[in-house]
Amino acid sequence: MTDRAANEENHAFPHPPVYRFTSGIYQDYQALERASKDLLKQYYPRYSRFGTPMTDAVEHEITRLEGGYGSLSTCSGLAAITSVLMTFLRPGDHILLTRTVYEPVHRFVSTFLHQLGITATFLTSAEFSHCDDYLTDKTRLIYIESPSSNIFEVTDIGAVAVQARQKGIMTVMDNTWSTPVLFNPLQHGIDVVIHSASKYLAGHSDAVVGIITTTEQYYAPIRQYLMNAGICAGGEESSSLYKGLKTLTTRLKSQRETAHRLIAFLLAHPAVETVISPHLTSHPDHETYRKYYQYSNGLFSFSVRNTSSTRRDAFLSQFRTVKLAYGWGGVDSCLIPFTPSYTSNDDPEWLFFRVSVGLEDGDILIAEFSSALSKL
């Protein structure tokens, strides 16, 4: 990555410092007056809520990696998503979304946006390939999460972008699974890209941050909304994210390689019913995945036959290195059970788990899974 601080006096240091301040200091009345005319608060001095040299450095680097016009940081990935939706949607609008979208997004759309009179249609990856069948004269926005949560549905991004552009509809994509290292949605016609930077980008489970990267057309409206809503990222979190970006490519490679070893072990284990990862030929969207991706990451899911709560608890109790946690994309391996509400295997006969592989030795992880599966 290219190190960059917001001012040249930091050029001799390998990492930009965290500036702790509330309001910037104006040298005179004329400087204060100039700042009042800077409607997007792009220049210093400014109130720290509008950005600091540390957040500037992070946003600059994400913009470079994604190939966008500009990036904006928020206090969480969910805040980034809801901020984009709130910027552009109005009562009476209609939105298309991935059916297996991140559950808090599904909940926000189905409750809060619904109360505002905004309607939504949730589509499978197959339905998205002909999403014009679901567009109405009220459709304002298409929101894609690809690969999607837990079952990793892969949408044909280019096809959706073409159909949306023909109708003048903006497109937004959650690119958290891929990171800018594996895929750049803006290069395939998407208008706005969102990351929960708490996952792979920061990579150490120590920072909650969201990032929005846009084309030029959509930058100013989102920036204005974030300013008006008081949404921003903290300096410490941004610093953690900045450091995480330096090791992103190396971490992804290691996590992918270990995940492939663990997947091979699980595929051969008699207690495992299925393993879900788009890089596997068994995944229904594998061909679409191959169209856009050369590499996968360290995230996958698997299922086992449902059993008694006693055996389930015995299975989970065998994990020491692997943590029972919702987070993913960090250096620590995690797994969490989930209910696949939209899959063909939605059957109480099976237990599903999502696994995020960290940076631990693969032999240790395989040994723990082997021990755990023996308890079922």
Side-chain angles (χ1 to χ4, degrees), residues 96-103 105-106 120-135 142-164 171-179 182-183 185 188-190 199 255-256 259-306 328-329 335-357:
L96 297 183
L97 301 97
T98 303
R99 66 166 180 169
T100 47
V101 71
Y102 180 46
E103 178 56 31
V105 176
H106 194 294
T121 302
F122 295 89
L123 302 183
T124 66
S125 54
E127 289 168 337
F128 259 123
S129 65
H130 51 96
C131 66
D132 51 345
D133 292 345
Y134 301 93
L135 299 175
I142 296 174
Y143 181 89
I144 302 165
E145 181 184 323
S146 179
S148 66
S149 291
N150 298 333
I151 66 169
F152 315 116
E153 288 187 289
V154 184
T155 299
D156 191 334
I157 303 302
V160 173
V162 168
Q163 293 174 77
T171 49
V172 180
M173 179 171 167
D174 183 335
N175 200 37
T176 303
W177 186 96
S178 308
T179 82
L182 301 182
F183 185 65
H188 294 269
I190 297 297
K199 309 298 192 297
Q255 288 164 306
R256 173 176 68 249
H260 285 187
R261 287 187 61 197
L262 187 53
I263 286 171
F265 165 78
L266 293 172
L267 285 170
H269 199 286
V272 175
E273 163 65 11
T274 185
V275 179
I276 307 171
S277 175
H279 90 277
L280 296 174
T281 56
S282 58
H283 193 283
D285 293 330
H286 177 69
E287 289 304 314
T288 305
Y289 167 83
R290 287 185 60 195
K291 181 178 179 179
Y292 294 103
Y293 293 90
Q294 288 186 302
Y295 304 105
S296 59
N297 59 18
L299 198 65
F300 66 90
S301 298
F302 73 97
S303 66
V304 297
R305 187 173 296 277
N306 207 342
W328 57 269
L335 88 160
I336 199 75
F338 70 92
T339 301
S341 303
Y342 301 102
T343 72
S344 58
N345 287 328
D346 184 12
D347 190 327
E349 184 179 358
W350 305 104
L351 283 174
F352 285 80
F353 297 89
R354 186 191 67 207
V355 179
S356 174
V357 173

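Looking at Phe128 and Asp156, their side chains never come closer than 4.5 Å, going by heavy atoms from C-beta outward. Within the 4.5 Å cutoff, the side chain of Pro278 has no heavy atoms near those of the Tyr293 side chain.
Side-chain atoms of Thr124 come within 3.5 Å of backbone atoms of Glu127 as a donor-acceptor pair (strictly under, hydrogens ignored). Proximity of a side-chain donor or acceptor of His286 to a complementary backbone N or O of Leu280 within less than 3.5 Å is detected. Formation of a donor-acceptor pair under 3.5 Å by the His283 side chain with backbone atoms of Ile151 is found in this model. Remark: side-chain polar atoms of Ser178 are not paired, donor with acceptor, to backbone N or O of Phe183 under 3.5 angstrom. The closest donor-acceptor contact from the side chain of Gln255 to the backbone of Val357 lies under 3.5 Å. Looking only at distances, no side-chain donor or acceptor of Ser148 sits under 3.5 Å from a matching main-chain atom of Glu145. Looking only at distances, no side-chain donor or acceptor of Ser277 sits under 3.5 Å from a matching main-chain atom of Phe300.
Under the side chain to side chain contact (heavy atoms under 4.5 Å, CB included) test applied with Thr98, the options Leu123, Asp174, Ile144, Ile142 reduce to a single match, Ile144.
Taking all atoms of both residues into account, the shortest heavy-atom contact from Ile276 to Asn150 is CG2-O, 4.4 Å. In this structure, Ala259 and Asn297 approach most closely via the heavy-atom pair CB-O, 4.0 Å.
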Using side-chain contact (heavy atoms from CB on, under 4.5 Å), reason through Leu299 and Arg354 one step at a time and then give a plain yes or no. CA-CA 7 Å; Leu299 198 65; Arg354 186 191 67 207; 4.0 Å; yes
CA sep, side-chain torsions, deciding dist, call: Val304, Phe353, side-chain contact (heavy atoms from CB on, under 4.5 Å): CA-CA 9 Å; Val304 297; Phe353 297 89; 4.1 Å; yes
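Ring pair Tyr289/Trp177 is perpendicular by interplanar angle, where above 60° counts as perpendicular and below 30° as parallel.
In this model, a donor atom of one side chain and an acceptor atom of the other lie less than 3.5 Å apart for Ser296 and His260.
Within the model, atoms CD1 of Ile263 and CZ of Arg256 stand 11.5 Å from one another, a figure rounded to the nearest 0.5 Å.
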